[in-house]
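For reference, the structure is listed below as structure tokens.
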Amino acid sequence: MIKKITSIIVTFSILINISLRADEGMWLPLLLKQLNESDMQKNGLKLSAEDIYSINKSSLKDAIVHFNGGCTAEIISDKGLLLTNHHCGYGQIQAHSTVQNDLLTNGFWAMNASQELPNPGLTATLIVRMEDVTAKVLAGVSDEVNETEREKKINETINAIQKEAVKGTHYGAYIRPFFYGNEYYMFITETFRDVRLVGAPPSSIGKFGGDTDNWIWPRHTGDFSIFRIYANKDNNPADYSPDNVPYKPKHHLPISMKDIEKGDFTMVYGFPGRTSEYLSSYAVDMIMNESDPAKVKIRETRLAIMDMEMKKSDSVRIQYASKYASLANYYKKWIGEINGLKKLDAINKKKQFEQNFLSKVNADNNAKNKYGKLFNDLEKAYTQFNPLNKQRDYYIEAILGIESVFYAYTYVNLIDSLNKGKKPEELQKDIERLQTAKKQFFKDYDSKTDEKVCAALLKIYYDNIDKTQQPDVFREIEKKYRCGNNTTLMFEKYVADIYKKSIFVSETDITKVLSNIAKNYKKVQKDPVYKLMLSCYTKFVQDIRPQYNKLEAEVNNLNRIYMKAIKELVSDKKYYPDANGTLRVAYGKVDGYFPRDAVFYNYYTTLDGLMEKENPVVDEFIVSPKLKELYQKKDYGQYADKNNELRIAFCASNHTTGGNSGSPVLNGEGQLIGTNFDRNWEGTMSDIMYNPDQVRNIILDVHYTLFVIDKFAGAGYLLNEMTLVK
Ligand code: ARG
Ligand code: ASP
């Protein structure tokens with residue numbers, strides 16, 4: 001009896017555990033009224049759902065921008081001034097940097113509109129409205145039809161609906177699946193194409209702490225940069241033109257100058273990229289024990305080589321700054337994710353949930369018919385999927401991680417077309433695209449660095465992928481370059497040889513070839529890097545991808561059924577869809593946390609803490625003399641808190657993920673209190689399993705942003721166009 005009661009209690013608490021807690025979730029703005037409004041108001045929201053998202057009047061949503069399709073940004077003035085992270089504008093800041101004029105190191109501030117820097121290709125997208133199109137998309141799609149056909153039918157419908165929705169407008173439209181394809185929503189967008197750089201702090205502020213502090217709380221990074229959206233005279237999107245004028249938004253965010261207190265309500269409005277909260281234990285097992293560790297190992301090797309070369313040369317340092325940062329970012333995140341999942345005992349939690357779920361299924365004949373075999377099927381599917389996923393991970397991270405190979409890969413279509421007898425005249429567009437890409441590629445390419453990476457990655461691939469699954473080129477390498485048992489040397493010799501001969505590692509050579517591609521394309525096919533690429537690519541496309549896609553479809557199908565079943569059988573909960581790059585609202589509270597036994601982290605950091613971290617001999621922790629001077633004089637102006645300290649960052653329990661960077665963090669009145677830029681390391685498993693005790697998002701306090709603009713950079717004129725609420 002006692003046993004039974006305990007087991008009921010355990011089961012019950014597991015269901016509660018797996019279910020939602022106050023701070024978990026990334027909610028669709030369109031459904032806030034129905035699902036969250038009262039809960040949010042109970043927790044401190046002073047606005048209505050309609051104030052956050054409306055299609056009838058201006059609302060907060062009109063100030064939320066998808067920045068270049070990856071990050072989020074917010075509009076903070078009626079002249080289209082845009083606030084996002086330093087690491088989100090990093091590529092643009094780098095693009096304007098040279099060894100002589102290094103904006104990464106020195107920062108940049110336009111002192112008037114004419115000094116703002118255009119960024120070809122950079123976009124800022126607003127959401128005009130969203131709509132539930134599930135019924136339309138799934139009309140006539142039965143559960144019986146196989147996954148490929150289902151997908152085909154759905155894609156056709158989606159294309160038709162999207163096209164119809166924006167006919168005769170300058171808007172864009174995309175429809176995305178939610179809850180693994182149980183629901184579909186459409187987003188109507190307006191994309192601006194003239195977005196200029198207004199200001200960025202030096203890396204010693206914008207990237208203070210660098211990769212050492214990345215994903216870490218307590219944090220002292222001034223991770224922001226400022227852009228401006230330009231429009232044509234009608235306030236519509238236009239390509240860059242000196243005649244364009246600052247965009248007049250429907251709404252811009254007022255900025256709160258009040259101190260932030262523990263327990264304050266916060267919400268994050270932005271574009272979270274991808275989460276997988278409803279996976280089965282089999283999937284979590286694969287991610288945590290196979291996929292993440294493999295990717296970590298490969299990147300570790302790549303990063304170590306890059307780091308060594310960057311330390312040797314200033315030009316390599318600038319060339320590889322952005323690449324390095326983005327590789328290092330997920331490398332570290334995956335390590336945190338593995339640790340977090342372990343600490344949470346995630347697989348067992350999922351297993352317990354599944355057992356409990358299964359007993360619900362078995363208690364109901366109808367459910368038993370529909371879902372009785374589900375876990376067996378999932379287990380079987382993942383057992384088959386796992387080795388293919390490994391192959392794909394290694395192909396993407398190790399083979400395509402070699403820059404020359406990836407670059408050669410961009411020529412496949414052109415060479416293929418020429419082989420099939422197409423005339424160069426017909427391929428003019430492709431050739432022009434490759435001309436432009438060539439400049440970009442070589443601007444940030446160092447063949448010596450790449451050569452080392454290439455040898456190391458080929459060896460990792462060779463050591464970890466079963467011989468029977470390796471592309472043929474590895475057999476040729478063995479034949480021609482074998483050095484006894486020393487495979488390190490074997491790959492070094494091979495790579496040294498091909499990098500001496502290949503056109504893909506030399507801008508001069510590829511320029512010559514591209515200038516008369518009709519005559520030269522046969523030569524490209526004989527190029528040793530091209531051959532290496534083609535051997536790996538062919539293996540992947542012919543033997544791995546078809547199977548991978550088939551199993552992925554199967555897994556997706558099972559996940560869709562599982563998701564539906566969870567919502568059906570555990571129906572007393574509210575569910576939020578996994579992040580998929582669409583607009584969401586997360587809400588939570590300002591709070592510190594216990595990262596480990598006996599250690600507590602406070603919810604905010606200060607300039608004093610930055611000074612504690614100062615280390616003049618370690619690049620990442622250098623403090624600029626100007627900032628030090630302001631610190632010594634305590635010259636914080638209106639940006640100081642009630643204790644006369646200058647706060648830099650704070651943390652809260654909002655559920656966020658990659659893509660949320662740059663997102664506005666708002667108080668209960670919808671005023672900006674900070675800019676989201678990271679999560680804590682202990683909480684990085686929140687993409688798979690959220691835990692309110694450990695998961696925190698990291699936010700740049702807007703006081704510090706304004707302080708840097710005004711006191712540090714002397715660009716205080718920008719504050720005149722903002723709305724500060726004292
Ligand atoms: N971890 C943050 C995010 O995922 C910031 C990354 C940029 N910073 C860096 N040191 N790499 O984007
Ligand atoms: N730093 C991430 C971003 O760039 C945010 C996160 O993963 O929490 O979106």
Side-chain angles (χ1 to χ4, degrees), residues 291 294-295 298-299 301-302 323 327 385 387-422 427 430-431 433-434 437-438 440-442 445 447 450-451 453-481 490-491 494-495 497-499 501-506 509-510 513-514 517 520-552:
S291 187
K295 292 185 291 189
I298 300 168
R299 287 207 176 176
T301 306
R302 245 168 118 181
K323 286 183 221 179
L327 285 173
F385 187 51
L388 285 154
N389 193 57
K390 175 179 171 186
Q391 294 259 8
R392 185 171 172 274
D393 280 342
Y394 274 87
Y395 177 69
I396 292 175
E397 289 286 327
I399 301 295
L400 296 184
I402 303 163
E403 287 179 90
S404 67
V405 169
F406 188 76
Y407 182 53
Y409 164 73
T410 61
Y411 282 71
V412 167
N413 279 337
L414 179 71
I415 303 301
D416 201 39
S417 303
L418 288 163
N419 258 329
K420 286 188 181 129
K422 274 216 171 169
L427 298 166
D430 289 326
I431 296 172
R433 198 169 32 76
L434 287 171
K438 182 190 67 179
Q440 273 165 11
F441 178 75
F442 283 102
Y445 180 70
S447 69
D450 188 37
E451 184 178 325
V453 170
C454 180
L457 291 194
L458 289 178
K459 181 172 155 55
I460 291 190
Y461 187 92
Y462 180 81
D463 289 346
N464 287 282
I465 295 294
D466 194 82
K467 272 207 176 159
T468 60
Q469 298 300 317
Q470 292 176 2
D472 298 339
V473 66
F474 284 91
R475 301 292 81 74
E476 288 159 36
I477 297 171
E478 277 175 338
K479 228 191 279 162
K480 249 179 106 179
Y481 298 89
M490 172 173 86
F491 284 111
Y494 163 67
V495 172
D497 198 22
I498 66 173
Y499 273 54
K501 295 177 189 151
S502 176
I503 55 169
F504 288 100
V505 302
S506 151
D509 291 351
I510 194 80
V513 168
L514 208 50
I517 191 73
N520 291 331
Y521 79 93
K522 290 249 168 350
K523 201 158 121 197
V524 176
Q525 286 172 299
K526 292 204 192 94
D527 184 276
V529 167
Y530 195 83
K531 277 165 126 177
L532 165 64
M533 176 278 297
L534 205 61
S535 175
C536 298
Y537 174 69
T538 312
K539 174 79 193 167
F540 180 70
V541 174
Q542 286 178 357
D543 293 354
I544 296 162
R545 199 166 65 187
Q547 286 190 70
Y548 177 92
N549 287 350
K550 193 174 141 259
L551 282 160
E552 193 193 31

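Side-chain atoms are counted along with the backbone in the values below, which use heavy atoms only and exclude waters and symmetry mates.
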Between I498 and L532, is a side-chain contact (heavy atoms from CB on, under 4.5 Å) present by the stated rule, with each step listed?
CA-CA 9 Å; I498 66 173; L532 165 64; 4.1 Å; yes
By side chain to side chain donor-acceptor pair (under 3.5 Å), Y494 pairs with (sequence neighbours left out) none
What verdict does the side-chain contact (heavy atoms from CB on, under 4.5 Å) test give for Y461 and I298, after you've listed the backbone C-alpha separation in whole Å, the side-chain angles of each residue and the deciding distance to 0.1 Å?
CA-CA 9 Å; Y461 187 92; I298 300 168; over 6 Å; no
What pairs with K467 under salt bridge (Lys or Arg N to Asp or Glu O under 4.0 Å), at least two apart in sequence or on another chain?
E478
Do the non-hydrogen side-chain atoms of V524 and F504 ever get within less than 4.5 Å of each other?
yes
Provide the closest heavy-atom pair for N419 versus Y521 in the form atom of the first, atom of the second, distance.
OD1-CE1, 3.4 Å
Looking at R475 and D472, does any basic side-chain N land under 4.0 Å from a carboxylate oxygen?
no
Within a strict 4.5 Å, meaning less than it, do heavy atoms of the Q525 and I415 side chains meet?
yes
With a 3.5 Å distance limit and no angle check, can you tell me whether D416 reaches the backbone of V412 through a side-chain donor-acceptor pair?
no
With sequence neighbours left out, what residues match K526 under salt bridge (Lys or Arg N to Asp or Glu O under 4.0 Å)?
none
Taking atom CG of D430 and atom CG of L418, what is their separation to the nearest 0.5 Å?
9.0 Å
What heavy-atom pair brings A408 and M533 nearest, and what distance separates the two atoms?
O-CE, 3.7 Å
Using atom types as modelled and distance alone, determine if a side-chain donor or acceptor of E451 lies under 3.5 Å from a backbone N or O of V495.
no
Which salt bridge (Lys or Arg N to Asp or Glu O under 4.0 Å) pairs, counting each pair once, include a residue from residues 453-463, with sequence neighbours left out?
K459-D463
For I399 against L458, the heavy-atom pair lying closest together
CD1-CD2, 4.1 Å
According to side chain to side chain donor-acceptor pair (under 3.5 Å), who are the partners of Y407, at least two apart in sequence or on a separate chain?
Y411
Which of parallel (below 30°), tilted (30 to 60°) and perpendicular (above 60°) describes F491 and Y462?
perpendicular
Applying ring pair (Phe, Tyr, Trp, His ring centres under 6.0 Å), can you list everything that pairs with Y445, at least two apart in sequence or on another chain?
F441, F442
Could you check F406, Y394, Y537 and say which one makes a side-chain contact (heavy atoms from CB on, under 4.5 Å) with L400?
F406
Flag if over 12 foreign heavy atoms under 6.0 Å of OH, Y499:
yes
Check V505 against S404 and note the closest heavy-atom contact, atom names and distance.
CG1-CB, 3.9 Å
Suppose we screen for side chain to side chain donor-acceptor pair (under 3.5 Å). Which residues come up paired with Y481, at least two apart in sequence or across chains?
D497
Identify, with sequence neighbours excluded, every residue that meets side chain to side chain contact (heavy atoms under 4.5 Å, CB included) alongside K422.
S417, E426, L427
Please list every donor-acceptor pair under 3.5 Å in which a side-chain atom of residues 544-552 meets a protein atom from a residue at least two apart or in another chain.
from	atom 1	to	atom 2	distance (Å)
Q547	NE2	D543	O	3.0
Y548	OH	R392	NH1	3.3

With the side chain counted from C-beta on, respond yes when T301 and I460 share a heavy-atom pair under 4.5 Å apart, and no when they do not.
yes
Check this for me, if you would: do K323 and E403 make a salt bridge, where the nitrogen-to-carboxylate-oxygen distance has to be below 4.0 angstrom?
yes
With a 3.5 Å distance limit and no angle check, can you tell me whether D527 reaches the backbone of I503 through a side-chain donor-acceptor pair?
yes
Could you tell me which residues satisfy side chain to side chain donor-acceptor pair (under 3.5 Å) with S535, sequence neighbours excluded, listed by chain and number?
none
Results of salt bridge (Lys or Arg N to Asp or Glu O under 4.0 Å) for E397 - residues two or more places apart only
R299, R302
Compare all side-chain heavy atoms of P471 with those of Y395 and state whether any distance is below 4.5 angstrom.
no
Distance col, row T468:OG1 vs Q470:CD, nearest 0.5 angstrom, shows 8.0 Å
Sorted by chain and residue number, the salt bridge (Lys or Arg N to Asp or Glu O under 4.0 Å) partners of K390 (sequence neighbours excluded) come out as none
